[in-house]
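Here is the structure we will look at.
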Amino acid sequence: MAKKPLGPVRRAFAPWENPEQQPFIEFRNVTKRFGSFVAVDQLSLKIYQREFHALLGGSGCGKTTLMRMLAGFETPTEGQIFLDGQEITRIPPHRRPVNMMFQSYALFPHLNVEKNIAFGLKQDNLPRSDIKRRVDEMLALVKLEAFAKRKPHQLSGGQRQRVALARSLAKRPKVLLLDEPLAALDKKLREETQIELMNLQEELRMTFLIVTHDQEEAMNLADRISVMNSGHILQVATPGEIYEQPVSRYVADFIGDINFFECKVTGCRPQNGGASITLHSEELGNEIKVKAGHPRMIGDAVTFAIRPEKMRISFEKPLDPSLNTIKGEVWDIAYLGDVSIYHIKVSQGHIVRTIVANTTRLVERPISWEDKVWLSFDAEAGVILSQ
Amino acid sequence: MTKNRKMQNSHHGRRRSWTLIAVPYLWLSIFFLLPFLIVLKISFSEQVLSIPPYAPQMDWSAGWDGFKAMVSHWSLDNYLWLTEDELYLSAYLSSLKIAAIATILTLLIGYPMAYSMAKAPKGLQPLLLVMVILPFWTSFLIRVYAWIGILKNEGLLNQFLQMLGVIDEPLIILNTNIAVYIGIVYSYLPFMVLPLYATLEKLDNTLIEASQDLGCPPSKTFWRVTFPLSKPGIIAGCFLVFIPAVGEFVIPDILGGSETLMIGKTLWVEFFSNRDWPLASAVAVVLLVILIIPILLFQRHQRKSGEVLT
Ligand SMILES: Nc1ncnc2c1ncn2[C@@H]1O[C@H](COP(=O)(O)OP(=O)(O)OP(=O)(O)O)[C@@H](O)[C@H]1O
Ligand SMILES: [Mg+2]
């Protein structure tokens with residue numbers, strides 16, 4: 001799988017942590033209504049220069065609408081949009097230094113590959129030789145030199161997608177918008193293209209805003225992710241934070257697999273900067289010890305969330321008293337090749353999912369159906385979410 | 001086993017596609033090719049005073065010999081005559097000119113109409129379509145006659161303009177080529193608008209957005225995207241107007257004057273006034289050839305450029 005090369009430069013890139021830093025793109029209290037339907041609701045978002053930002057969310061949550069407002073195809077009903085310190089809320093699309101790669105590619109069927117790529121450059125009245133050079137550069141970038149004279153209908157889906165990418169990059173826009181650019185590609189091609197996109201962004205030092213509803217793609221590509229739901233942004237954070245410290249049940253559930261337990265706070269004491277909290281779960285019939293970022297009121301109803309891979313599974317009850325332990329029985333095993341997902345039935349009939357890496361090539365799993373087992377996890381493995 | 005099935009399937013499919021193609025071909029042979037062959041045959045004969053007014057006739061009772069006898073009497077005299085009298089050449093040229101100018105005018109008026117129809121709210125479009133087709137519900141002849149009332153010296157148009165004080169003397173429009181242009185543009189406008197509307201209506205709006213996104217203001221977008229992509233509609237519309245307009249008889253006869261020279265009128269005179277069926281047939285055959293050549297050239301060009309315009 002493509003993983004971002006976490007070089008030293010990468011790690012240092014976190015302009016959003018610097019309060020002095022001016023955002024490159026800013027949505028300020030933007031609302032978009034279609035008739036009485038609110039597609040984007042009082043939304044504010046700051047994106048920084050050279051950031052690779054992903055909009056993630058379910059179908060119809062307003063991702064495309066947000067992007068189209070940035071490109072200029074929709075005008076916000078309320079609020080303002082800024083780009084590079086300038087308000088662009090009402091500037092028509094052809095005067096915005098923003099280019100979009102359309103989900104349907106929107107290649108001009110009457111023009112060949114070369115002319116499609118040159119389309120925007122011609123409009124800028126560049127000298128012919130400059131256009132030619134830039135087009136050749138773009139063709140080389142997307143490795144389509146041999147296809148320059150073909151018409152779009154003579155290309156494969158993947159090739160078309162690369163032409164669309166080249167065309168949207170040709171003008172060196174300040175911001176590149178990508179609306180589900182890879183949705184039409186098969187898994188392998190998609191992963192290859194993801195790597196290409198990341199390299200491109202590194203190389204061209206542009207700001208990228210990508211819409212996707214593939215969470216893996218978002219995690220893989222983006223510096224930061226905005227998780228959206230019905231016109232709101234629920235959380236803006238790095239992929240790691242979104243995964244490990246989701247702020248709400250919706251975010252936690254949307255990204256990756258997770259177990260939820262309804263709990264009551266039974267104890268809370270401060271502990272070096274955070275709090276050591278005890279929860280009681282009716283469903284588990286168990287106490288859970290949690291190290292949390294901030295304290296909770298005793299008696300509050302909360303949700304405890306824990307990812308399957310954060311739990312261990314064993315025949316014997318672990319001796320370490322700092323671990324949380326839950327007794328259960330193996331209900332089902334899903335073998336996925338690299339890992340197996342164990343469905344464990346805990347005392348109240350509740351099912352808990354946990355992941356075990358298949359480190360041996362044994363076909364027989366050592367832990368099997370109906371085995372009595374113990375689940376264990378430490379106090380930092382899960383998070384407490386307000387309900 | 002599966003292979004066998006597949007072969008059967010493709011066999012079946014091929015047979016079906018053949019019957020599908022055969023229908024229009026059959027239609028064309030019965031209603032176009034056959035009449036054309038008859039006209040072609042008459043054009044090789046000569047005028048006589050009899051019913052029908054041409055000779056030789058095929059002697060069916062003599063069979064093959066009768067056919068041979070008929071062919072031996074055929075001649076190209078009528079075609080030679082067409083080249084000898086300058087009237088015909090100028091009638092052809094004048095028809096082509098009038099049809100071409102009228103086609104361009106129809107395009108200039110029809111394109112904005114089709115464009116605004118395609119841009120109109122979706123709910124309104126069926127109504128607009130009906131309005132374009134509505135004139136077809138009254139007789140073509142009556143509609144052309146109605147234009148006499150509008151265009152004549154004391155007609156509606158002149159009265160209106162005089163009332164406004166734009167002109168003092170009535171404009172002489174009726175019985176001139178201008179009236180013929182008006183008549184053709186008016187009568188054939190739906191044939192231009194409908195194919196144009198059909199192409200413009202299915203034009204993908206994201207292409208327009210892509211063009212604007214790449215920096216083209218709306219006017220440039222029209223010339224660089226919308227217009228080239230509506231080419232199939234323009235071509236279809238122009239053919240649909242130009243071809244019948246070249247052979248048009250009714251409009252020049254009713255609205256045109258003595259200066260209006262059109263091959264349709266010539267043909268009418270030869271056929272009905274002079275009862276010279278063979279010459280009239282030759283005129284018709286030559287007209288067909290003149291019209292078919294540009295269509296064939298165009299098709300060759302289309303195939304060569306390998307464009308899939310639909
Ligand atoms: N032009 C429009 N008129 C009316 N409603 C619209 C219009 N465009 C979008 N909407 C509505 O706004 C909401 C958000 O649409 P949007 O296209 O932004 O969703 P999305 O997040 O991109 O979804 P998807 O992942 O399915 O592409 C949807 O409920 C949609 O029906
Ligand atoms: Mg969308």
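The environment of OH in B:Tyr25 is sparse: at most 12 heavy-atom neighbours from other residues, nucleotides or ligands sit within 6.0 Å. Heavy-atom neighbours of A:Leu200 CG from other residues, nucleotides or ligands within 6.0 Å: above the threshold of 12. Heavy-atom neighbours of A:Lys46 NZ from other residues, nucleotides or ligands within 6.0 Å: at or below the threshold of 12.
Each of A:Met101, A:Arg96, A:Arg95, A:Arg68 has some count of heavy-atom pairs under 4.5 Å with chain B, and the biggest count is that of A:Arg68. Of the residues considered (A:Phe102, A:Tyr105, A:Phe119), A:Phe119 shows the highest number of contacts with chain B, using heavy-atom pairs under 4.5 Å. Interface remark: of the candidates A:Gln123, A:Met100, A:Gln103, A:Gln123 forms the most heavy-atom pairs closer than 4.5 Å to chain B. Taking chain A as the reference chain and counting heavy-atom pairs below 4.5 Å, the highest number among B:Gln212, B:Lys220, B:Glu209 is found for B:Glu209.
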- Task: Show your reasoning for whether side-chain contact (heavy atoms from CB on, under 4.5 Å) applies to B:Cys216 and A:His94.
- Result: CA-CA 6 Å; B:Cys216 280; A:His94 65 272; 5.6 Å; no
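For A:Leu111, no part lies near chain B; criterion is any non-hydrogen pair under 4.5 Å. Heavy-atom distances place both the backbone and the side chain of B:Ser211 under 4.5 Å from chain A.
Taking CG of B:Asp213 as the start and CZ of A:Arg167 as the end, the distance is 8.0 Å to the nearest 0.5 Å. With rounding to the nearest 0.5 Å, the separation of CG in B:Asp204 from OG in A:Ser104 is 5.5 Å.
At distances below 3.5 Å, at least one donor-acceptor pair connects side-chain atoms of A:His110 with backbone N or O atoms of B:Arg224.
Between B:Leu207 and A:Phe108 the shortest heavy-atom distance is O-CE2, 3.4 Å.
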